[in-house]
2 protein chains.
Amino acid sequence: MNELRTIRAKSGTNQEGTSAHNRRVIIEAIRLNGPLSRADLARATRLTKQTISNLVEGLEADGLVASEEVVRGGRGQPSTPYRLVPEGAFALGVQIDRHLTRLVAVDLMGQEVARAVANLPPGGPVEGCKLILRLIETMRADLTRRIPESAHRLAGLGLAMPGPFGLAPSDDETWMMAEWQAFPLVETLAAGTGLATSLQNDATACAAAERMNGSADGLDHAVCIYFGYGIGAGLILGGELYTGSNRNAGEIGMVLFSRGGAPSPLEHRSSLASLFQHLGLDSATTEAYAEVERRTLADDPRILDWLAGAAADMRQAVHMVETIFDPQTVILSGSAPEPLAKRLFDAMFPLIPSNADRPGRTLPRLQLGMIGPWAVALGAAAEPIRRAFDPRFSAILKTAS
Amino acid sequence: MNELRTIRAKSGTNQEGTSAHNRRVIIEAIRLNGPLSRADLARATRLTKQTISNLVEGLEADGLVASEEVVRGGRGQPSTPYRLVPEGAFALGVQIDRHLTRLVAVDLMGQEVARAVANLPPGGPVEGCKLILRLIETMRADLTRRIPESAHRLAGLGLAMPGPFGLAPSDDETWMMAEWQAFPLVETLAAGTGLATSLQNDATACAAAERMNGSADGLDHAVCIYFGYGIGAGLILGGELYTGSNRNAGEIGMVLFSRGGAPSPLEHRSSLASLFQHLGLDSATTEAYAEVERRTLADDPRILDWLAGAAADMRQAVHMVETIFDPQTVILSGSAPEPLAKRLFDAMFPLIPSNADRPGRTLPRLQLGMIGPWAVALGAAAEPIRRAFDPRFSAILKTAS
DNA sequence: TTATTAAGTCAAACTTCTTGACTTAAATGT
DNA sequence: ACATTTAAGTCAAGAAGTTTGACTTAATAA
């Protein structure tokens with residue numbers, strides 16, 4: 001009679017959840033504001049001084065925060081500010097791109113402490129994963145030598161690769177990573193490293209990087225346009241990264257734009273891939289990347305051509321995401337050569353008037369973010385840190401018994 | 001020396017927050033699954049039987065849940081399921097449209113218990129608010145007569161009107177509600193009624209209605225396209241309504257679509273307003289609405305004309321929101337005459353292939369929702385219920401001391 | 001008739017936050 | 001100089017809420 005019935009429900013919470021949330025809130029408050037005293041933290045979090053004292057004591061014992069010099073300067077007992085301890089936690093981030101992979105280690109503050117890059121071997125994900133596991137092994141050994149505690153303080157492994165995920169194989173030439181998409185990447189690398197592993201698309205990783213250390217620091221609503229080999233958007237909505245029901249949210253590269261003729265996907269004209277094609281370069285090799293940088297600095301007229309068209313599409317894309325997401329700001333970020341990104345950014349102004357043109361806004365409608373080839377790997381590494389230390393709804397819920 | 005320094009931080013939480021969350025989780029579990037026993041609730045929420053017992057006792061004392069007949073049929077002591085008590089809470093919802101206003105009262109289950117409609121007087125929001133306050137007064141008196149407890153169980157007042165909000169006055173003829181936009185509506189009606197009052201745009205309200213009682217029941221990721229005088233999208237992202245940084249998220253009516261010629265806003269061709277214009281009808285009077293319904297049923301060729309064009313745009317809009325939000329499903333809802341909405345829905349197939357065409361999906365990519373003129377008012381009324389009873393991150397946080 | 005299973009209760013323990021009084025230490029005012 | 005004021009931070013007891021483990025109740029199955 002008692003068939004297995006699935007009951008849809010959210011988890012409840014208990015005192016552990018309370019305390020975990022409060023610890024996270026303290027860490028985030030310090031991250032956002034810089035060093036804060038216990039009294040500051042009590043005011044900011046609305047908790048009592050006593051509670052803050054207890055929690056700070058715990059965080060200090062765990063090596064996540066440390067006191068600074070006593071600050072005098074006002075009436076009353078001088079305060080003791082607490083700062084985050086960068087060595088309190090570490091995380092690894094791996095970017096898997098079409099032809100190469102990048103690996104970084106970051107600390108609790110999101111600062112890079114190690115990096116490595118390698119070309120992906122032919123042989124697809126099986127060989128690729130072996131290589132990645134070797135790189136990780138080497139980096140962990142190196143880290144353990146330099147910072148012995150780091151071995152016990154690795155929060156996890158973040159992976160980032162181009163989306164979209166979970167689709168039926170297609171013949172669209174723009175991604176060519178179907179093999180990787182179908183491969184059990186998270187399971188393989190989790191098993192191979194013993195680390196908590198998660199996967200997101202490159203645009204989301206880029207937004208994570210911007211949130212940790214870039215233009216989206218402290219913002220609750222921002223769209224981070226990732227301009228790389230393809231184009232996508234990383235979404236910060238309501239203070240958290242949003243990835244949709246299947247991690248494919250923000251794939252604006254697949255949105256159909258009309259430009260005179262029939263509608264076609266944005267990334268067919270606004271992406272590094274499209275530029276390589278326009279220039280007749282072999283796609284996405286390191287040489288092509290360097291060549292684009294060189295020609296951009298030389299003001300190659302074919303680059304200027306492409307820029308005009310891409311900028312027109314990008315203006316429309318900005319208008320679209322502003323209209324749809326109502327963000328505080330839009331960030332142009334990505335892994336394009338920096339001079340190219342700057343020229344594209346400049347060519348996007350003036351922006352199309354939109355709902356974002358409101359009286360009294362303080363942030364610019366569009367700003368530049370972290371640009372450069374390491375943005376995605378850094379964002380991938382930021383993800384385990386966020387998971388472990390940022391205040392999130394899911395962090396208070398009881399997990400599977 | 002101590003200048004007022006603002007510290008950016010989220011609130012902490014305490015045992016009250018824990019308990020409040022757990023009560024909400026119980027209510028939501030029953031709402032989603034139907035009556036559940038204490039043992040069921042313990043399993044579903046991962047709380048202990050004892051905790052559930054304590055909380056259910058409290059909820060029963062507060063008149064929010066009630067026990068049903070004992071259920072026999074398995075081994076062991078028979079279970080006592082608990083259901084929600086509809087009369088446990090009530091809320092009012094007001095839709096403010098261009099020429100009229102609708103008022104409904106709903107109960108804890110989101111069922112309508114009273115309705116009223118009136119034309120808005122000339123004289124703008126000052127006179128309009130007076131009228132609305134009179135309508136509310138009458139309805140509250142009526143409710144108090146019919147259900148005496150309702151007076152003490154009013155969770156609040158939800159308002160919905162067309163967006164976008166907070167923009168500088170424009171000369172775009174499509175909204176014409178600039179006066180209302182600039183008016184301190186929430187403050188006026190909160191003061192006039194003494195109720196907790198909130199405002200959202202009509203598309204968001206529509207999504208709230210779908211979530212409470214319609215096609216989005218229990219979904220965590222859904223886009224509800226509101227097809228009315230204008231067009232917009234209500235967003236359910238990560239289990240919560242998302243409204244952006246200025247309540248203007250989802251305003252897809254302002255997204256620029258190219259259809260052969262220069263890009264123009266979606267709602268210029270896909271909205272009731274555009275149909276009224278196409279038919280040469282005086283905009284948005286009750287007669288125009290009835291006339292459209294009549295002509296639709298008569299298969300008026302001019303309606304069919306318009307339908308073909310609107311459906312093409314809507315297909316593209318669906319493709320866009322699927323690509324950008326990666327939702328579990330897209331819902332077509334709104335306040336169009338039902339026959340028209342059905343024909344538009346049918347004309348949208350086949351949909352443009354998109355990322356949403358994934359192997360193994362269970363929900364349809366596009367489905368019909370609540371259609372009809374009362375959807376927005378019902379959704380407006382659903383908002384205070386949601387605020388008071390749904391599990392939300394912000395519900396666990398300590399509020400201003 | 002007995003064994004088994006499952007729902008639900010009881011009372012004590014445990015965790016965590018709160019309260020209010022108290023201590024410490026600096027700047028300010030006379 | 002010295003008392004006063006202000007603010008940071010601690011102490012110890014209390015309060016709120018969940019957990020634990022033993023127990024009771026009541027049904028079906030053997």
Side-chain angles (χ1 to χ4, degrees), chain A residues 1-5 7 11-26 35-60 65 67-82 396-399 401, chain B residues 1-5 7 11-26 35-60 65 67-82 396-399 401:
Chain A
M1 193 72 197
N2 278 300
E3 76 280 9
L4 273 186
R5 182 163 52 119
I7 305 180
S11 289
T13 187
N14 57 11
Q15 288 87 338
E16 263 183 77
T18 302
S19 160
H21 170 74
N22 289 342
R23 283 171 59 108
R24 285 167 184 258
V25 164
I26 290 174
L36 294 176
S37 69
R38 297 179 183 203
D40 286 336
L41 286 167
R43 281 187 290 268
T45 62
R46 305 186 203 273
L47 294 167
T48 60
K49 284 185 296 181
Q50 184 58 57
T51 299
I52 293 292
S53 267
N54 297 340
L55 293 169
V56 166
E57 192 177 0
L59 290 169
E60 192 167 21
V65 306
S67 56
E68 298 201 312
E69 278 298 286
V70 164
V71 170
R72 293 176 175 75
R75 278 195 170 186
Q77 176 170 331
S79 63
T80 308
Y82 283 79
I396 69 161
L397 305 181
K398 291 185 74 171
T399 49
S401 53
Chain B
M1 193 75 199
N2 278 301
E3 78 279 10
L4 273 187
R5 180 163 53 119
I7 304 180
S11 289
T13 185
N14 55 14
Q15 286 87 339
E16 265 182 75
T18 302
S19 161
H21 170 73
N22 289 343
R23 283 171 58 110
R24 285 167 184 257
V25 165
I26 290 175
L36 294 176
S37 70
R38 297 179 184 203
D40 286 336
L41 286 167
R43 280 186 291 268
T45 62
R46 304 185 203 273
L47 294 166
T48 60
K49 282 186 297 181
Q50 184 57 59
T51 300
I52 294 292
S53 268
N54 296 341
L55 292 170
V56 166
E57 191 179 0
L59 290 169
E60 192 167 20
V65 306
S67 56
E68 297 200 313
E69 276 300 287
V70 163
V71 171
R72 292 174 175 76
R75 278 194 170 186
Q77 175 169 332
S79 62
T80 308
Y82 283 80
I396 70 160
L397 306 180
K398 292 185 69 172
T399 49
S401 55

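The basis for the numbers below is simple: all heavy atoms, side chains too, and nothing from hydrogens, waters or symmetry mates. A, B, ... follow the sequence lines: proteins, then strands. Residue 1 opens every chain.
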In this structure, how many angstroms lie between the P atom of dA7(D) and the CG atom of D40(A), rounded?
13 Å
Taking the side chain of Q50(A) as heavy atoms from C-beta outward, which of dT10(D), dA7(C), dG9(D) is closest to it?
dT10(D)
Rounded distance [0.5 Å steps], CD in E68(B) versus OH in Y82(B)
10.5 Å
L36(A), L59(A), T51(A) screened by side chain to side chain contact (heavy atoms under 4.5 Å, CB included) with I26(A), the one that passes
L59(A)
Atom pairs under 3.5 Å, N or O on each side, protein against nucleotides 25-27 of chain C: can you list them with distances?
unit_1, atom_1, unit_2, atom_2, d
dA25(C), N3, Q77(A), N, 3.3
dA26(C), OP1, R72(A), NE, 3.3
dA26(C), OP1, R72(A), NH2, 2.9
dA26(C), N3, G76(A), N, 3.3

Return the minimal non-hydrogen interatomic distance between P81(A) and E69(A), and the atom names on each side.
CD-O, 3.2 Å
Just wondering, are more than 12 heavy atoms of other shown residues or ligands nearer than 6.0 Å to CD in E60(A)?
yes
Taking atom P of dC23(D) as reference, at what distance in whole Å does atom NZ of K49(B) sit?
14 Å
Between dT10(D) atom P and I52(A) atom CD1, what is the distance in whole Å?
12 Å
Nearest whole angstrom, please: distance from the P of dA6(C) to the CG of L41(B).
18 Å
Tested for side chain to side chain contact (heavy atoms under 4.5 Å, CB included) against S79(B), the lone hit among D40(B), V71(B), V70(B) is V71(B)
Find the distance Y82(B):OH to dA7(C):C1' and express it as a whole number of Å.
11 Å
Using a cut-off of under 3.5 Å, enumerate the N/O to N/O pairs linking the protein to nucleotides 16-18 of chain D.
unit_1, atom_1, unit_2, atom_2, d
dG17(D), N2, Q15(A), NE2, 2.7
dG17(D), N3, Q15(A), NE2, 2.6
dT18(D), OP1, N22(B), ND2, 2.7
dT18(D), O4', Q15(A), OE1, 3.0
dT18(D), O4', Q15(A), NE2, 3.2

Greater than 12 external heavy atoms within 6.0 Å of E57(B)'s CD
no
When you measure from the side chain of N14(B) to the backbone of K398(B), do you find a donor-acceptor pair of N or O atoms at a distance under 3.5 Å?
no
From CZ (R43(B)) to CG (L41(B)), nearest 0.5 Å
9.5 Å
Can you figure out which of dG8(C), dT19(C), dG9(D) approaches the side chain of R38(B) most closely?
dG8(C)
Please determine whether a side-chain nitrogen or oxygen atom of S53(A) lies at a distance below 4.0 Å from atom OP1 or OP2 of dT10(D).
yes
What is the distance, rounded to the nearest whole Å, between atom CZ of R46(B) and atom P of dT19(D)?
13 Å
From the list N54(A), L55(A), I396(A), side chain to side chain contact (heavy atoms under 4.5 Å, CB included) partner of S19(A) resolves to L55(A)
Under 3.5 Å side-chain donor-acceptor pair for S67(A) and T80(A)
no
Ignoring hydrogens and geometry, is there a side-chain-to-backbone donor-acceptor pair from H21(B) to L397(A) under 3.5 Å?
no
To the nearest angstrom, the CD1-C1' distance between I396(A) and dT16(C) comes to 15 Å
Taking five pairs at each end of the helix from dT1(C)-dA30(D) to dT30(C)-dA1(D), what angle separates the two helix axes (nearest 10°)?
0°
